[in-house]
There are 2 protein chains.
Amino acid sequence: MTAKSNSEELLEFFKVLADASRLKIVGLLSQKGFTVEQLAAMLELRPSTVSHHLSRLARAGLVSARAEGYYSVYELETDALEAMARRLLSREELLAVAGEIDLDAFDRKVVADFSLPDGRLKIIPAQRKKLLAILRHIVTDFRLGSRYGEKRVNELLSRHHDDTATLRRELVGAGLLQREAGKYWRTET
Amino acid sequence: MTAKSNSEELLEFFKVLADASRLKIVGLLSQKGFTVEQLAAMLELRPSTVSHHLSRLARAGLVSARAEGYYSVYELETDALEAMARRLLSREELLAVAGEIDLDAFDRKVVADFSLPDGRLKIIPAQRKKLLAILRHIVTDFRLGSRYGEKRVNELLSRHHDDTATLRRELVGAGLLQREAGKYWRTET
DNA sequence: AATCTAATTCGATGGTTGTCAAAATAGTAT
DNA sequence: ATACTATTTTGACAACCATCGAATTAGATT
């Protein structure tokens, strides 16, 4: 059995219902059980096609087959369907989808775009959003809880770019670094 | 504006969310607004691709754009999303999907399969489900509320097949026709 | 006005998948 | 056991669509 993450399961749910024929099948089965042949006639499709759709729906747990004499009758798993729909209503489920994505990817891309092979900055970005990404990156050179003199600050900043004055000013302006009595420290959180 | 039936709208909803990239976008936007560029970096896609997805999501009413300085920030329309999810929970919605389908298609197909060009039956089907379809068709020759003598019954049935005895017996056995004191009448409903 | 940048549109392409026909399977009736 | 029938599987084909790169548009900064 292939282990399936939560968001993959949610995606599969949407994919399964994102087809007119399968959606109609679910609608019909919500009334009563039907055989493959009956569904095929009502949908004007070949039995093999309907069988294919039913197997996909079954794999997603939305329908189940019950043998009845000559035929096999398919029925809707209303519980599974409702459970899935209910998951949609809980905001957490959407957060879980996003949770598996790297939120820092944007910052990393900007840093990479503006960095030379040796890690120093080519230029300091003029656009605010990109500048902030760079600053968030640079500030990680400062340990939380430590206090730095201006000279030490410039030392650390000079590893990124010669214009340490601009970097220092922007870091403070962005609230990432704080200053008092000639000493600098990194803002918590 | 193209008028869109209820079930078409539901189908469109599933189609829009049935894509990994779009699902991730929705997940990310459930946290906060993002620009096209940011989303592209986080999803490792080209901005043009993300723009395409966003326009589809917007057309479905799931996201909206807000101009902010240089960028245009996209935000999730949580209301629309919840409204859609809620529709899924109401059984009626599924019935509506099926409602647009012709439930008698199966019967008609069986009748067509077993009928000669002049409308008479080639043979009387041996399979129960198909026999019932034929019988449901034949019984419509009888008016509701009228009472028929055996002779008249045979007359009507002979238009379909010579073996009127079998037809008559099966019609009664299936509960479509009722008999009492030598008179026959069609069952109500 | 001129220039830069984000966003969108357009055209092309590769992959996915719904559909069918034919063959294989399973299960029932005779 | 044999024949029949519903269902499933397989292979092939066509339509759709996600993605990309290039060109264009829209907005904002200088």
Side-chain angles (χ1 to χ4, degrees), chain A residues 11-12 14-26 33-60 63-75 106 109-110 113-114 123 125-131 133, chain B residues 11-12 14-26 33-60 63-75 106 109-110 113-114 123 125-131 133:
Chain A
L11 175 61
E12 187 58 25
F14 281 118
K15 278 180 152 174
V16 165
L17 273 328
D19 175 81
S21 298
R22 284 192 290 267
L23 200 55
K24 287 177 189 168
I25 288 176
V26 169
F34 285 108
T35 70
V36 176
E37 200 181 12
Q38 288 175 318
L39 292 171
M42 292 187 284
L43 298 172
E44 296 179 355
L45 291 175
R46 298 295 155 204
S48 64
T49 303
V50 173
S51 178
H52 170 247
H53 286 317
L54 286 170
S55 83
R56 265 206 84 168
L57 287 166
R59 203 172 331 129
V63 307
S64 63
R66 166 173 56 85
E68 179 177 299
Y70 231 148
Y71 314 81
S72 74
V73 179
Y74 278 87
E75 286 174 338
F106 176 73
K109 175 166 169 30
V110 171
D113 287 349
F114 282 87
I123 61 168
Q127 297 173 255
R128 181 119 211 95
K129 280 201 158 64
K130 294 180 179 175
L131 173 59
Chain B
L11 176 59
E12 187 58 26
F14 282 119
K15 278 182 157 172
V16 164
L17 274 326
D19 175 82
S21 298
R22 282 194 290 267
L23 200 53
K24 286 178 189 169
I25 289 176
V26 170
F34 284 108
T35 70
V36 175
E37 199 181 12
Q38 289 174 317
L39 291 171
M42 292 187 286
L43 298 172
E44 296 180 354
L45 291 174
R46 297 296 153 201
S48 65
T49 303
V50 173
S51 180
H52 169 248
H53 286 316
L54 285 170
S55 84
R56 264 205 84 164
L57 286 166
R59 204 171 333 128
V63 307
S64 63
R66 166 174 56 84
E68 179 177 298
Y70 233 149
Y71 314 81
S72 73
V73 178
Y74 278 87
E75 287 174 337
F106 176 73
K109 174 166 170 32
V110 171
D113 287 349
F114 283 86
I123 60 168
Q127 296 174 256
R128 180 119 212 93
K129 280 203 158 62
K130 293 180 181 177
L131 172 60

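Everything quoted here is computed from the prediction, not taken from an experiment. Order of the sequence lines sets the chain letters (A, B, ...), proteins ahead of strands, with each chain counted from 1.
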Using a heavy-atom cut-off of under 4.0 Å over every strand shown, decide if [X] touches base, sugar-phosphate, or nothing.
X	value
K129(B)	nothing
R128(A)	nothing
S21(B)	sugar-phosphate
Y70(A)	base
H52(A)	base

Measure from [atom1] on [X] to [atom2] on [N] and round the result to the nearest Å.
X	N	atom1	atom2	answer
L11(B)	dG18(C)	CG	P	12 Å
L43(A)	dC20(C)	CG	C1'	15 Å
L57(B)	dT8(C)	CG	C1'	16 Å
R59(B)	dT8(C)	CZ	C1'	13 Å
L54(B)	dT19(D)	CG	C1'	14 Å
E68(B)	dA28(D)	CD	P	11 Å
L45(B)	dA7(C)	CG	C1'	16 Å
L39(A)	dT8(D)	CG	P	11 Å

Item to check | Closest approach of V63(A) to L54(A) (non-hydrogen atoms, all atoms of both residues) | outcome: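 Result for this residue pair: CG2-O, 3.8 Å.
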Item to check | Heavy-atom closest contact (I25(B) atom, V50(B) atom, distance) | outcome: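 Here I25(B) and V50(B) meet closest at CD1-CG1, 4.3 Å.
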Any idea which of [options] is nearest the [X] side chain?
X	options	result
K15(A)	dA18(D), dT17(C), dG21(D)	dT17(C)
S48(B)	dA6(C), dA6(D), dC20(D)	dC20(D)
E37(A)	dA7(C), dT7(D), dA18(D)	dT7(D)
H53(A)	dG18(C), dT8(D), dT19(C)	dT19(C)
P47(A)	dT8(D), dG18(C), dA7(C)	dT8(D)

Next on the checklist: Can you tell me if E75(B) has over 12 outside heavy atoms packed within less than 6.0 Å of its CD?
Outcome noted: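 Enclosed: over 12 neighbouring heavy atoms sit under 6.0 Å from CD of E75(B).
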Residue-phosphate contact under 4.0 Å: [X] side-chain N/O, [N] OP1/OP2:
X	N	answer
K24(A)	dG18(C)	no
R46(B)	dA7(C)	no
Y74(B)	dT8(C)	yes

Next on the checklist: Both Y71(B) and K130(B) contact DNA chain D. Which one's nearest nucleotide lies toward the 5' end?
Outcome noted: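 So the residue in question is K130(B).
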Next on the checklist: Both Q127(B) and T49(B) contact DNA chain D. Taking the nearest nucleotide for each, which residue is further toward the 5' end?
Outcome noted: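 On the 5' side of the pair lies Q127(B).
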Next on the checklist: Here's one to test your reading of the geometry: is the NZ or CZ of K129(A) within 45 degrees of the ring axis of Y71(B) and under 6.0 Å from its centre?
Outcome noted: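 Flagged: K129(A) positioned over aromatic ring of Y71(B).
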Checklist entry - Would you say the side chain of L45(B) lies within less than 4.5 Å of the side chain of S21(B), judging by non-hydrogen atoms? => result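 Yes, close enough: below the 4.5 Å cut-off.
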Checklist entry - Side chains of K109(A) and Q38(B): does their closest heavy-atom pair fall under 4.5 Å? => result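 K109(A) vs Q38(B): side chains apart.
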